[in-house]
Amino acid sequence: MDKKLKLAVIGKPITHSKSPDIHQNFANQFNAKIEFGKDEVTPDTLETWLTDFFKNGGKGVSITLPLKEAALNYADEISDRARLASACNVVYAKDKKLFGDNTDGHGLITDLENNLKVTLKDKKILILGAGGAARGIIPSIIEKKPAKLKVANRTKSKVLLLKKDLEGKVDLKEKNTIFEAGDLSDDFLLDDSYDIVINSTSISTQTGESIGLPKALFTGTKLAYDLFYAAEKTAFMQEALAGGAEKISDGWGMLVEQGAESFKLWTNLIPDTSRLLEKPID
Ligand code: NAP
């Protein structure tokens, strides 16, 4: 690959993003030349930004919050992963067309199964939040046939819409998965116990505060996983430990693995993630 590849990550907030460093690490493994931008883009400016980027020779872009659902509208072709998720976290140019895909689910499952050695089959799983990231990971989780998957969101209408959308696309009976959607009330949250609790809300990104989860939520929890990544334990991870969760993780591994899958889409090269997983970038 002699030509310099033009890549970027967009969203808001974006300054904290480690994607440029991750992709530079991947590129270095192959002596590939890349320039990786980091731009603040909102749903209002998304169309103009994408048009300019690809007109000026852009190859691929990582899409982060709050743009994942809106980005679906700007690709000529959508992968099954993005269609099932109704969200895309990567758009790239190939054969004079724009393709939209979703590598978040792949990233999470690879981190859970390969790195953290956690299996999902027959497990009870709770996801907090119903935004673009939740939409990305839910189809991949269901593919692993958990016994039960519950999604709880602050705005109930939003999670009910997600449920309706999903039921039109995925055969939950065939997967033997019970799927429930509800709000963040104690009634809904404490109705079950969970092997795995996943925080996909953006609260850690925004304020770093806690959602105010009931302590009993983590009774019997084997793994509490925050999609957000940070040098310090997030409020969610601290709450989970205090509530008795056996193990906690932030979303660094997922970020690296979804990045590797996106890098493969852009370059046809499969990077080694092991070094980055061991040693997060400061
Ligand atoms: P999003 O589409 O903006 O969705 C945000 C979600 O958070 C919504 O469900 C929202 O609920 C909920 N929320 C926001 N503030 C809240 C609060 N104060 N209390 C309770 N719920 C709240 O964002 P996203 O794209 O899904 O991203 C979510 C998080 O995942 C971010 O922290 C992002 O950095 C992280 N992420 C990590 C990776 C990774 O690779 N590690 C990949 C993707 C995303 P409402 O519907 O009620 O507004």
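Because only heavy atoms are used, hydrogens play no part in the values below, and waters and symmetry mates are left out as well, while side chains stay in. Note that the structure is a prediction, hence the values are computed from the model and not measured. Order of appearance sets the numbers: ligands from 1, and atoms from 1 within every ligand.
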Parallel, tilted or perpendicular, as decided by the 30° and 60° cut-offs, for the rings of Phe36 and Trp266 = tilted

ask   = Using 30° and 60° as the class limits, which term best fits the ring planes of His16 and Tyr229: parallel, tilted or perpendicular?
value =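 Rings of His16 and Tyr229: tilted, as their planes differ by 30° to 60°.
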
Tell me, which protein residue and heavy-atom name are nearest [atom], and how many Å apart are they?
| atom | answer |
| --- | --- |
| atom 24 (P) of ligand 1 | Ala133 N, 3.6 Å |
| atom 7 (O) of ligand 1 | Ser202 N, 3.0 Å |
| atom 30 (O) of ligand 1 | Leu227 CB, 3.7 Å |
| atom 31 (C) of ligand 1 | Thr205 OG1, 3.3 Å |
| atom 29 (C) of ligand 1 | Thr201 O, 3.5 Å |

query = Between the candidates Ser200, Ser210, Gly253, which shows the shortest non-hydrogen contact distance to atom 28 (C) of ligand 1?
reply = Ser200

key: From Glu209, Lys156, Arg154 - option closest to atom 17 (C) of ligand 1 by heavy atom   = Arg154

Consider every N or O of [X] and every N or O of ligand 1, then say whether any pair is closer than 3.5 Å.
| X | value |
| --- | --- |
| Thr155 | yes |
| Asn153 | yes |
| Gly129 | no |
| Gly251 | yes |
| Gln258 | no |
| Gly132 | yes |

Sidechain N-carboxylate O distance under 4.0 Å for Glu261, Arg81 =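 A salt bridge links Glu261 with Arg81.
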
Give the table of side-chain donor-acceptor pairs shorter than 3.5 Å for residues 241-251, with sequence neighbours excluded, one pair per line with atom names and distance.
| from | atom 1 | to | atom 2 | distance (Å) |
| --- | --- | --- | --- | --- |
| Asp250 | OD1 | Trp252 | N | 3.1 |
| Asp250 | OD2 | Ala230 | N | 3.4 |

From [X] atom [atom1] to [Y] atom [atom2], the distance as rounded to the nearest 0.5 Å:
| X | Y | atom1 | atom2 | value |
| --- | --- | --- | --- | --- |
| Ile22 | Ser17 | CD1 | OG | 7.5 Å |
| Phe53 | Leu46 | CZ | CG | 12.0 Å |
| Lys144 | Leu108 | NZ | CG | 11.0 Å |

request  = Heavy-atom distances under 4.0 Å are what count here, so tell me which part of Asp104 touches ligand 1: side chain, backbone, both or neither.
outcome  = side chain

key: Test applied, side-chain hydrogen bond (donor to acceptor under 3.5 Å, both in side chains); reference residue, Tyr194; option that passes from Lys150, Lys124, Lys123   = Lys150

message = If we check side-chain hydrogen bond (donor to acceptor under 3.5 Å, both in side chains) with Lys148, which of these qualifies: Asp192, Thr177, Asp122, Asn176?
response = Asp192

Any atoms of ligand 1 less than 4.0 Å from a non-hydrogen atom of [X]? List them with their elements.
| X | answer |
| --- | --- |
| Ala130 | 9 (O) |
| Lys68 | 42 (C), 43 (C), 44 (C) |
| Leu65 | 3 (O), 23 (O), 24 (P), 25 (O), 27 (O) |

key: Pair listing, salt bridge (Lys or Arg N to Asp or Glu O under 4.0 Å) test, anchored in residues 59-69, at least two apart   =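 Qualifying pairs: Lys68-Asp104, Glu69-Arg135.
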
task = Examine distances only and state if a side-chain atom of Asp101 and a backbone atom of Ser79 form a donor-acceptor pair shorter than 3.5 Å.
result =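 Not a single qualifying donor-acceptor pair exists.
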
